[in-house]
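Here the structure is a predicted model, which means the values were calculated and not measured. Protein chains get the first letters and strands the later ones, always in sequence-line order, with residue 1 at the start of each.
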Protein chains: 2
Amino acid sequence: MDPRETQWLTVEQQRIWRAYIMGSQLLQDRLDRDLRVEHGISLTEYEILVRLSEIPERRMRMALLADSVCHSRSRVTHTVARMESAGWLRREEAADDGRGVDAVMTAAGGTLLEQAAHTHVEGVRRNLVDLVGDDDFEALGRVMNTVSDRLLAGRTPAADIR
Amino acid sequence: MDPRETQWLTVEQQRIWRAYIMGSQLLQDRLDRDLRVEHGISLTEYEILVRLSEIPERRMRMALLADSVCHSRSRVTHTVARMESAGWLRREEAADDGRGVDAVMTAAGGTLLEQAAHTHVEGVRRNLVDLVGDDDFEALGRVMNTVSDRLLAGRTPAADIR
DNA sequence: GGCGAATCGTTGAACGTTCAACTGTCGGCG
DNA sequence: CGCCGACAGTTGAACGTTCAACGATTCGCC
């Protein structure tokens with residue numbers, strides 16, 4: 001794409017984009033801070049516990065965990081290491097694959113999640129869900145789903161469709 | 001608020017919230033990466049240049065800069081320090097207030113911004129604006145404006161309305 | 001069955017952000 | 001004027017993330 005022909009955003013589009021940037025920044029910060037202050041856990045760590053809790057065995061392979069929270073494997077390794085020394089989960093070798101490692105939620109992790117979930121959901125409601133109309137909220141879902149699909153496509157397979 | 005009475009999200013609300021978390025994560029990462037790869041500048045730094053460029057004098061007080069990009073003052077201090085040693089801006093004492101410091105965009109910063117803006121706007125279009133209908137995009141604007149307003153209220157003044 | 005490529009996860013250093021403490025300047029009130 | 005509290009910005013260390021390189025295991029193919 002020739003940079004000389006870039007189609008700029010209209011004033012209105014720019015206004016919306018700014019609102020998005022600012023709102024998502026503020027929302028993320030607020031949710032993270034609330035969890036830290038009230039439960040000593042970051043939003044990142046919280047999301048990992050959520051993923052584990054959704055599986056009956058409360059166990060997941062590192063790579064899958066990384067994909068499901070959209071973080072690099074390295075990042076998940078570090079995060080899980082911290083969470084392990086906090087006692088919220090432990091690592092176990094995967095049964096079937098000698099390379100693999102499972103993260104397994106502990107009872108302490110379960111208890112923490114149960115408490116933190118209240119804070120988190122109340123924050124999401126108070127600062128987003130309960131503030132907007134159903135139609136707008138559904139539109140948000142459509143938009144963000146489209147964005148995800150666009151950015152997830154061209155990941156592992158052939159990549160850059162541009 | 002009694003944690004025992006938390007009203008959980010419906011399955012549909014949860015689905016939308018997940019899409020939001022994932023989409024905003026992916027979008028931010030992509031925009032940041034594109035700027036870094038093509039111009040050696042982070043999204044954070046880019047936004048600071050944008051703010052400066054919107055003022056005729058291309059100069060802004062540190063505190064105002066911090067507020068306008070929604071970052072802590074400390075963060076802006078560090079970011080500006082890095083940008084200063086890259087030559088994209090310089091610091092000058094504020095004329096009227098002995099405590100104040102202005103960040104002033106340099107010619108090099110202006111040139112960089114001019115180039116990086118193409119990359120950025122094309123990314124925003126390709127991964128968001130051009131993918132969704134006008135109505136949905138406007139809904140996104142309404143939603144994120146509401147969120148911003150909610151989170152900006154109760155900042156400096158009396159705070160926590162809850 | 002054995003070789004090379006791909007996958008899994010980790011490591012440690014570089015980088016960026018947060019946090020609490022701090023210096024210096026301003027504003028208001030006695 | 002002089003003091004005290006608020007404000008502007010910085011500092012350095014702690015913390016969290018990214019990046020590139022790595023060792024180990026598995027897969028695919030001949």
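Within the 4.0 angstrom heavy-atom criterion, only backbone atoms of the sugar-phosphate kind lie near Thr44(B); the bases stay farther away.
We find that Asp29(A) and Arg33(A) are not joined by a salt bridge, their nearest charged nitrogen and carboxylate oxygen being 4.0 Å or further apart. Between Arg125(B) and Glu122(B), no side-chain nitrogen of the basic residue sits less than 4.0 Å from a carboxylate oxygen of the acidic one, so the salt-bridge criterion is not met. Salt-bridge annotation for Arg30(A) and Asp34(A): present, with a side-chain N of the basic residue lying under 4.0 Å from a carboxylate O of the acidic one.
Mapping Ala63(B) and Arg33(B) onto DNA chain D by nearest heavy atom places Ala63(B) closer to the 5' end of the strand. Residue whose closest nucleotide on DNA chain C sits further toward the 5' end, between Arg36(B) and Val101(A): Val101(A).
Within residues 73-80 of chain A, the residues approached by DNA chain C to less than 4.0 Å at the level of any non-hydrogen atom are Arg73(A), Ser74(A), Thr77(A), His78(A), in residue-number order. A heavy atom closer than 4.0 Å to some atom of DNA chain D occurs in Arg82(A), Asp97(A), Gly98(A), these being the qualifying members of residues 82-98 of chain A.
At least one side-chain heavy atom of Arg61(B) sits less than 4.5 Å from a side-chain heavy atom of Asp96(B). Inter-residue side-chain proximity for Arg75(A) and His78(A) is flagged as unmet; no heavy-atom pair is nearer than 4.5 Å.
Atom CZ of Arg99(B) and atom P of dT25(C) are 10 Å apart (whole Å). The separation between His71(A) atom NE2 and dG9(C) atom C1' is 17 Å, rounded to whole Å. If you measure from atom CE of Met60(A) to atom P of dC8(C), you get 15 Å, rounded to the nearest angstrom. Atom CG of Leu43(A) and atom P of dT17(C) are 17 Å apart (whole Å). Between Asp32(B) atom CG and dT17(D) atom P there is a gap of 14 Å when expressed in whole angstrom units. Rounded to an integer number of Å, the gap from CG of Leu35(A) to C1' of dT18(C) is 17 Å. Rounded to an integer number of Å, the gap from Leu65(A) CG to dT10(C) C1' is 15 Å. Distance Asp102(B) CG to dT10(D) P: 11 Å, rounded to the nearest Å.
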Mind listing the side-chain donor-acceptor pairs of residues 135-143 of chain A below 3.5 Å, one per line with the distance, residues two or more places apart or on another chain?
residue: Asp136(A); atom: OD1; partner: Arg142(B); partner atom: NH2; Å: 2.8
residue: Asp136(A); atom: OD2; partner: Arg142(B); partner atom: NE; Å: 2.9
residue: Arg142(A); atom: NE; partner: Asp136(B); partner atom: OD2; Å: 2.8
residue: Arg142(A); atom: NH2; partner: Asp136(B); partner atom: OD1; Å: 2.8

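The aromatic rings of Tyr20(A) and Tyr20(B) stand perpendicular to each other, their planes meeting at an angle above 60°, with 30° marking the opposite boundary.
Placement of Val104(A) and Met62(A) in two distinct hydrophobic clusters is found when ILVMFWY residues are connected by side-chain heavy-atom separations under 4.5 Å, directly or transitively.
Counting only residues at least two apart or on different chains, the salt bridge (Lys or Arg N to Asp or Glu O under 4.0 Å) pairs with a member in residues 39-48 of chain A are Glu45(A)-Arg82(A).
Applying the salt bridge (Lys or Arg N to Asp or Glu O under 4.0 Å) rule to Arg18(A) yields the partners Glu54(B); only residues at least two apart in sequence or on another chain are considered.
Summary for the helix from dG1(C)-dC30(D) to dG30(C)-dC1(D): the axes at its two ends, each from 5 pairs, differ by 20° when rounded to the nearest 10 degrees.
Side-chain contact, Thr119(A) with His39(A): a donor N or O sits under 3.5 Å from an acceptor N or O.
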